[in-house]
S.K.: 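Have a look at this one.
Not measured: the values here are computed from a predicted model. These values consider heavy atoms only, across backbone and side chains, with no hydrogens, waters or symmetry-generated copies. Residue numbers start from 1 in every chain, and the chains themselves are labelled A, B, ... in the order their sequence lines are given, proteins ahead of strands.
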There are 2 protein chains.
Amino acid sequence: MVRIDDTDRKILIELQEDASRSLDEIAKAVGSSKTPVWNRIRKLREAGVIGPQTVRLDADALGFEACFFVLIRTSEHEAAWQRRFLAALKARPEVQEAHRLAGDIDYILKVRVRNARAYDAFYQALISEVKVHNVTALLSMEEIKSTTALPL
Amino acid sequence: MVRIDDTDRKILIELQEDASRSLDEIAKAVGSSKTPVWNRIRKLREAGVIGPQTVRLDADALGFEACFFVLIRTSEHEAAWQRRFLAALKARPEVQEAHRLAGDIDYILKVRVRNARAYDAFYQALISEVKVHNVTALLSMEEIKSTTALPL
DNA sequence: ATTGAAAGAACCAGTTT
DNA sequence: AAACTGGTTCTTTCAAT
C-alpha cells in the first residue's frame, strides 16, 4: 500500500473524473501548479497507482444490450482445474468482471453481451471447457449505476 | 443504436485499450491518418458513443482491499420506495455498480470499501435509509479480471 | 515551487482526390 | 464524401532558477 498525501488524493479524484483535461486545469483544480502536479502524476504512474487511461463507451449505443451476473458453484477445487478456469475467463472478452468468492458461491462473473442468445453461446462454451457444478444467471434489467471510481 | 463502420470499430478498440496515445499513433494503428480519425472521434463523442475519459486506479495500492457483491431482495415495489432506493445508491460513492434484476433477486450491487468494517458501516447506513427484505453479501477473495472494455 | 522555453500534439481551414 | 496538407494554438515536458 502506497502513501498518498492530500494533494495526491485531489489529483487522483480529478483524474478519475476526467482524465482528458490539461495539466493546467488539473493543477488549478487541486490548488497547485503545473510542474509539481506533473511530478506527482509521474510518480503515481511509476508506483502503479495510476494505471491505464481509457474511454468509457456507451454499451447500449453499441448494441450490447444484455448484462448478466453469473453465480458459479463448483465441486472441483484442485489447482489444475482452477488454472484452466481462470485462463478461460481471462480469454473471453465478454467477461468484464470475474471474482473468486468466500463462502457458498465460488465465483461471480459480470458478462456483457449483445443479447440473450450471445449469453447462451458464452455459457455453452464455458461449461464445455471446464466443469462447473451449478450456475445461476442474473439478468440486469437496468443499470442504475456503473463506475470504476474509487471513493477517495 | 448507432451505426458504426469497421474503421470506427477499430478506433474504439484502440481507445478502449489506451486512450492516452496521440491521434497519429491511433491513426497508424487503424490504418488511416490524423484528420479522418479525428473527425470520426469527434462524431462518436457527439453521438455519446465515446463517453468520459478516465484513469484506472489500483484499488489495493490505495487501500481499498475489500470488495463485496450484494444481493438484495425487497418486498416493496412502489415507485416512491424505488426512487428513494436508487437515489441512495447513486449518492453512495462506495457503490461502484448497481443493477435492477429480473427474477428472484431484485438488485445486485458491487461495493468497494477499505475493509469489512467499512462495509458494515455502509450496510447499516443503507438499511436505515430504505427498508429491504433480504440482503446477502458475497465477499471477493480475488479479483480475477476487471475491465470496462466492450467485446467489440 | 515557479518560470520559461523547446518539442510535440490537437485542432481546424483550405485543398485535393 | 472522404483524405491529405499545413499552420496556429494549446500541452506536455523538462531544465534552470
Side-chain angles (χ1 to χ4, degrees), chain A residues 1-64 114 146-150 152, chain B residues 1-63 147-152:
Chain A
M1 174 163 167
V2 180
R3 274 172 59 70
I4 293 297
D5 74 5
D6 207 58
T7 306
D8 289 329
R9 253 191 54 250
K10 284 189 198 159
I11 291 170
L12 295 177
I13 289 169
E14 295 297 324
L15 288 178
Q16 283 201 131
E17 201 167 288
D18 180 1
S20 72
R21 290 143 76 211
S22 75
L23 258 187
D24 253 340
E25 288 177 296
I26 289 160
K28 205 159 296 167
V30 305
S32 180
S33 62
K34 258 174 24 176
T35 311
V37 170
W38 188 75
N39 281 316
R40 282 162 182 273
I41 290 176
R42 196 173 45 72
K43 274 192 195 123
L44 289 165
R45 255 200 272 266
E46 277 163 15
V49 174
I50 297 178
Q53 199 162 324
T54 58
V55 291
R56 170 165 281 271
L57 303 182
D58 183 328
D60 283 335
L62 290 164
F64 290 89
R114 296 196 170 274
S146 180
T147 179
T148 57
L150 298 174
L152 295 166
Chain B
M1 174 166 167
V2 180
R3 275 172 57 69
I4 292 296
D5 73 5
D6 207 58
T7 307
D8 289 329
R9 254 191 53 250
K10 283 188 199 160
I11 292 170
L12 294 177
I13 289 168
E14 295 298 324
L15 288 179
Q16 273 197 146
E17 202 167 288
D18 180 1
S20 72
R21 291 144 75 212
S22 76
L23 258 186
D24 255 338
E25 289 177 296
I26 289 160
K28 206 160 293 166
V30 305
S32 180
S33 63
K34 252 172 36 172
T35 313
V37 170
W38 189 77
N39 281 315
R40 283 163 181 274
I41 290 176
R42 195 174 44 74
K43 274 192 195 125
L44 290 165
R45 255 200 271 267
E46 277 164 15
V49 173
I50 297 178
Q53 198 163 324
T54 58
V55 291
R56 170 166 281 272
L57 303 182
D58 184 327
D60 282 335
L62 290 164
T147 177
T148 57
L150 299 174
L152 294 167

S.K.: Taking atom types as modelled, is there a side-chain donor on S22(A) or D24(A) under 3.5 Å from an acceptor on the other?
M.R.: no
S.K.: Go through residues 31-52 of chain B and report each residue with a non-hydrogen atom lying under 4.0 Å from DNA chain C, sorted by number.
M.R.: K34(B), T35(B), W38(B)
S.K.: Looking at Q53(A) and Q53(B), would you say the former's side chain and the latter's main chain have a donor-acceptor pair under 3.5 Å?
M.R.: no
S.K.: Would you say the side-chain atoms of R45(B) pair up with the backbone N or O of P52(B), donor to acceptor, closer than 3.5 Å?
M.R.: no
S.K.: My understanding is that only one of D6(B), D5(B), I50(B), I41(B) makes a side-chain contact (heavy atoms from CB on, under 4.5 Å) with I11(B); could you say which?
M.R.: I41(B)
S.K.: Starting at atom CG of L23(A), determine the distance to atom C1' of dA1(C), rounded to an integer number of angstrom.
M.R.: 15 Å
S.K.: Using whole Å, what does the distance between atom C1' of nucleotide dA1(D) and atom CG of D5(B) come to?
M.R.: 13 Å
S.K.: Could you walk me through whether T148(B) and L57(A) satisfy the side chain to side chain contact (heavy atoms under 4.5 Å, CB included) test, starting with their C-alpha distance in whole Å, then the side-chain angles of each, then the deciding distance to 0.1 Å, before giving a yes or no?
M.R.: CA-CA 8 Å; T148(B) 57; L57(A) 303 182; over 6 Å; no
S.K.: Just the rounded figure in Å: distance from P of dA9(C) to CD of Q53(A).
M.R.: 15 Å
S.K.: Please report, rounded to the nearest Å, how far the C1' atom of dC10(D) is from the CG atom of D24(A).
M.R.: 10 Å
S.K.: Tell me which one of R40(B), R21(B), K28(B), R9(B) satisfies salt bridge (charged side-chain N to carboxylate O under 4.0 Å, His left out) with E14(B).
M.R.: R21(B)
S.K.: Tell me: CD1 of I26(B) to C1' of dG8(C), nearest whole Å?
M.R.: 15 Å
